[in-house]
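Order of the sequence lines fixes the chain letters, A, B, ..., with proteins taken first and strands second; residue numbering starts at 1 for each chain. Nothing here was measured: the structure is a model prediction, and the numbers come from that model.
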Amino acid sequence: MTPLQPARGTHDLLPEDARRHRFIEDTAFRIAERYGYGEIITPIFEFTDLFTGTLGETSDVVTKEMYTFTDRSGESLTLRPEGTAGVARAFISNSLTTPLKLFYRGPMFRQERPQKGRFRQFHQVGIEFLGLETPLADVEAIAVGWQLLRTLGLGEKVQLQLNSLGDLDSRLAYRHALVEYLSPFRDKLSTESLVRLDKNPLRILDSKSATDQEIVAGAPLMTDSLTPEARDFFDQVMSGLTALGIPFTLNPKLVRGLDYYCHTAFEFTSTALGSQSAVLAGGRYDGLIARMGGARTPGIGWAAGVERLALSSGCEAPQSRPIAIIPMGDQVAALALADRLRTAGLAVDLGFSGNMKKRLSRAAEHKARFAVILGEDEMARGVAAVRDLDATTQEEITLSQLEAYLLHRGTE
RNA sequence: GUGGGUGUAGCUCAGUUGGUUAGAGCGCCAGGUUGUGGUCCUGGAUGUCGCCGGUUCGAACCCGGUCACUCACCCCA
């Protein structure tokens, strides 16, 4: 028998963590809604080809991290490693029309070695804005992310890095220039980067090897290879961000992991996360949907890691405040009272064990707002002591009025 | 996938050069006490010392393997 523990890189979310998790997701959706986004829920697994065809042959996500399996009918299926491919597929499958703003959330799966802020089943929230090619769409999409981070209390802890990958022509030109520059350094580059030189040279830019960085320091800048059109697009994105008061820093070495990105690439990084610093990242992917076989449809989007947001934000998820009922006498009567209050929509914390003090302190731990003490004396007199745990005041209420009283106070 | 660190009670951790029935604090449970926000007192339960194998008269301790966690690389949100 296997040990009773969760599979590697997966976790149980206990109530306290789950509350934070849901709060982050809900906050993200609430904010996206203000920008006109609607939620889309796509399947957690898709045909394997969807991912191999769209994410890029060179990405590790495809080549060695996917949870791929064959079902009983012999179909190759894959647990989604990210959200955009599924949303794009849904856009085509359902013949949706643009402009379209879609929000998604849910689990993603990658078989990586777990570490801080990185898990095999992790959760993302994300948005996709389809159909507009204007740089203002990029600005607005980034604004959604910025609002989210600020709302979660991360405004000060996070930095927006911005770059442009340019259009296809710009990209090819730059790739060429970069390879040309790097080739003379072949014997000095790290072995990883040597592989990347052929496979995905842009990746060398964000290599963490010190010697690579020295070499890269003198490399031509991506922004210098932009076509005039791409340059203009990027300028408009920057001026838009400035107009909205969103601070950013240019990072000409910022690269996107997945193949389908062009033009705007951005990444909000947090210092609270060790080496997994990207907390919300995305970019423009004008070629993706056409490449999948749909009509040519530009798009911009981002995804944020819920666990990473939870790790770096100190935000407190609001908690419901129950009414604590402390029956010292007739417990059946207390149970009935609690049930009536619950039917009326109030949260009630009913404890049967421990002495008065213990129950009161437990009520405080559970963030109860009121404690209703049903002592034998009081019940004999037909009253209950209602203690306001915030104000530490207390008054006696007759049992017949108790329900109305709590309903009134509990919703004020 | 590669490298480092760590695995002892629910949690945080002690545990001497290998030596009897493996400990503490906190938490938990029961009872008592104090009627009004963590009190105090008494009592109690809980461990295959991560797992498997080896060395040894004897292993929580030494060795090998394995699993898990963790940090970094790779990659990525």
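- Taking 4.0 angstrom as the limit, A:Gln394 places none of its side-chain polar atoms (N or O) nearer than this to OP1 or OP2 of B:U36.
- Between the side-chain ring of A:Phe122 and the base of B:A77, a stacking contact exists by the 5.5 Å and 30° definition.
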Note, RNA chain B 5' to 3' with Watson-Crick or G-U pairs under 3.5 Å encoded as ( ), [ ], | and . gives (((((((..((((.....[...)))).(((((.......))))).....(((((..]....))))))))))))....
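- Side-chain N/O atoms of A:Arg118 and base N/O atoms of B:C74 include a donor-acceptor pair closer than 3.5 Å.
- The ring of A:Phe234 has its center no closer than 6.0 angstrom to the ring center of A:His263.
- Distance check on atom C1': B:C11 versus B:U46 gives 13 Å, rounded to whole Å.
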Please assess A:Phe185 against A:Tyr181 for the test ring pair (Phe, Tyr, Trp, His ring centres under 6.0 Å), listing each intermediate value before the final yes or no.
-> CA-CA 8 Å; A:Phe185 296 102; A:Tyr181 167 81; 5.3 Å; yes
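- The distance between atom CZ of A:Arg8 and atom P of B:U70, rounded to the nearest whole Å, is 9 Å.
- Applying the 3.5 Å distance criterion, the base of B:G3 shares a donor-acceptor pair with the side chain of A:Arg113.
- Defined by atom type and a distance below 3.5 Å, a donor-acceptor pair is present between the side-chain atoms of A:Tyr285 and A:Glu128.
- If you measure from atom CD1 of A:Ile204 to atom P of B:C75, you get 10 Å, rounded to the nearest angstrom.
- A:Val216 is linked by a side-chain contact (heavy atoms from CB on, under 4.5 Å) to A:Ile204, A:Leu205, A:Lys253, counting only residues two or more places apart in sequence or in another chain.
- Among the protein residues, A:Glu65 comes within range of the sugar-phosphate backbone only, with heavy atoms under 4.0 Å from sugar or phosphate atoms but none that close to a base.
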